[in-house]
There are 2 protein chains.
Amino acid sequence: MSHTLGIRQAQKQKTRQALLDAALGLLEEQSLSSLGLREVTRAVGVAPTAFYRHFRSIADLGVALVDEALGSLHPMVRTTVSATRGIDERITRAVELIERHVATHPAHVRFIARERHGGVQPVREAVQAQLARFTDEVKTEVAKDPEAAGWSDEDLLMLAQLYVDQMLITSSLFLDALEESQEERERVAQVATRQLRLISIGRRHWLD
Amino acid sequence: MSHTLGIRQAQKQKTRQALLDAALGLLEEQSLSSLGLREVTRAVGVAPTAFYRHFRSIADLGVALVDEALGSLHPMVRTTVSATRGIDERITRAVELIERHVATHPAHVRFIARERHGGVQPVREAVQAQLARFTDEVKTEVAKDPEAAGWSDEDLLMLAQLYVDQMLITSSLFLDALEESQEERERVAQVATRQLRLISIGRRHWLD
DNA sequence: TCATCCAGTTAACAACTGTTCTCCGGAATT
DNA sequence: AATTCCGGAGAACAGTTGTTAACTGGATGA
């Protein structure tokens, strides 16, 4: 299935990726709505007009960045939330997985946290759409758990939302703790673990 | 105590407030890091150079906006979270209060949601500082509840954080629902209520 | 081999930005 | 009544921005 594309399209994708990478780097200390087209091309080393060969606008590039940051994350969610193993082990594993992902993709995490409520509408909508997909996936996974017997659809949805938001909050906290000490990171992990545990307990007694 | 200030300082505060209001309006469709000094003064109707009489920079104005948006909110928190009345009534009242606040101060809520993780460091830090104050207030209020007997300091903190984050998430959802139907707003209220109820249940069985 | 395609370049455009310095006129102080 | 103070205006600065048009040269396909 892997179609070997000509040296022409290969070069094009290469500079396209360079534009995305440069933009992501510049966005560590500003928001998308203040990112300039020339700023990005200058960082890559191409002419400003070359930008238009790949994106219609900065907002367009932003949407592409959203897909890059969240698109490849879906398989991870399924395997993590699924009801294998014990509860405590699952929680520990989930927190570890978040910490590792933040450590390996800090710029992506920062970008999503920043632009989720940012000033560029199409990007905001792209983030919301991806998060809605996540929520739905978590919901169907949660529904499989025997503990969810007798739960209404609305109850499942509110729990899934709670989990997704919790994941984002924890990611952001890990991100802030990245530049600090190892103890700080452990404290974040501890708090996140306890919060997930409390949610677990609430979940267990929901139908009382 | 109300010191009647001269007509000179009164005028100054008036234009200062006009700058803040204009900035807040412009920030509904962009982020602070892309807000221009001239843009703000133009909206107010004063010369660009007049800006420097009130703020050192746009970031400085942003910090002032954070204080305006969150500073006057502390008394509300205390009275809402405090352990008077029954649990369900308290939850309903809290959600109502959030909904009303978002409806009356949408621009402020949007600003905080946007700049909490935004591209301007001093503003980000100002938001974090105010939220830390909130968390601490919620924590001391939660600690007063008889249900919190035997809770460690770390447990109290993680619960307070959970409440504060939940408040922010709910605010943001209400904000999005403002431009939509009344049913949408009721659905947000319903989800938020259920989530708070689940947290309550988890809290009750925490020490099992 | 030759014509076509197309990613990237060059040059130029009007419009905009933050910041400095100098000045004005009315309020505040003596 | 005379003087100081100070919020705001005006003009000018070098530098930046997004977008257009026409062009170049190497890959592509007939």
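Note that these values count all heavy atoms, side chains included, but never hydrogens, waters or copies made by symmetry. All chains are named by letter (A, B, ...) in the order of the sequence lines, taking the proteins before the strands, and each is independently numbered beginning at 1.
- A salt bridge links A:R90 with A:D145: at least one charged nitrogen is closer than 4.0 Å to a carboxylate oxygen.
- Under the 4.0 Å criterion applied to side-chain N and carboxylate O atoms, B:R185 and B:E180 are not assigned as salt-bridge partners.
- Using bins of under 30°, 30° to 60° and over 60° for the plane-to-plane angle, the ring pair A:W151/A:W206 lands in the tilted bin.
- Defined by atom type and a distance below 3.5 Å, a donor-acceptor pair is missing between the side-chain atoms of B:S171 and B:H101.
- Contacts between residues 9-19 of chain A and DNA chain C, defined by a heavy-atom separation under 4.0 Å, are made by A:K12, A:T15.
- Taking a cutoff of 4.0 Å between a charged side-chain nitrogen and a carboxylate oxygen, B:R187 and B:E184 qualify as a salt bridge.
- Separating the CG atom in B:L19 from the CG atom in B:L65 is a distance of 10.0 Å, to the nearest 0.5 Å.
- Salt bridge annotation for B:E96-B:R93: absent, with no cationic side-chain nitrogen under 4.0 angstrom from a carboxylate oxygen.
- The pair B:R203-B:E147 meets the salt-bridge criterion, with a side-chain N (NZ, NE, NH1 or NH2) lying under 4.0 Å from an Asp/Glu carboxylate O.
- The pair A:E154-B:R194 meets the salt-bridge criterion, since a charged nitrogen lies less than 4.0 angstrom from a carboxylate oxygen.
- Side-chain N/O atoms of A:E115 and B:H117 include no donor and acceptor closer than 3.5 Å.
- Scanning DNA chain D for stems, defined as runs of 3 or more consecutive Watson-Crick or G-U wobble pairs whose donor-acceptor distances all fall under 3.5 Å, gives the following ranges: C:4-12 with D:19-27, C:14-17 with D:14-17, C:19-30 with D:1-12.
- Within residues 28-59 of chain B, the residues approaching DNA chain C are B:G36, B:L37, B:R38, B:R42, B:T49, B:Y52, by heavy-atom distance under 4.0 Å.
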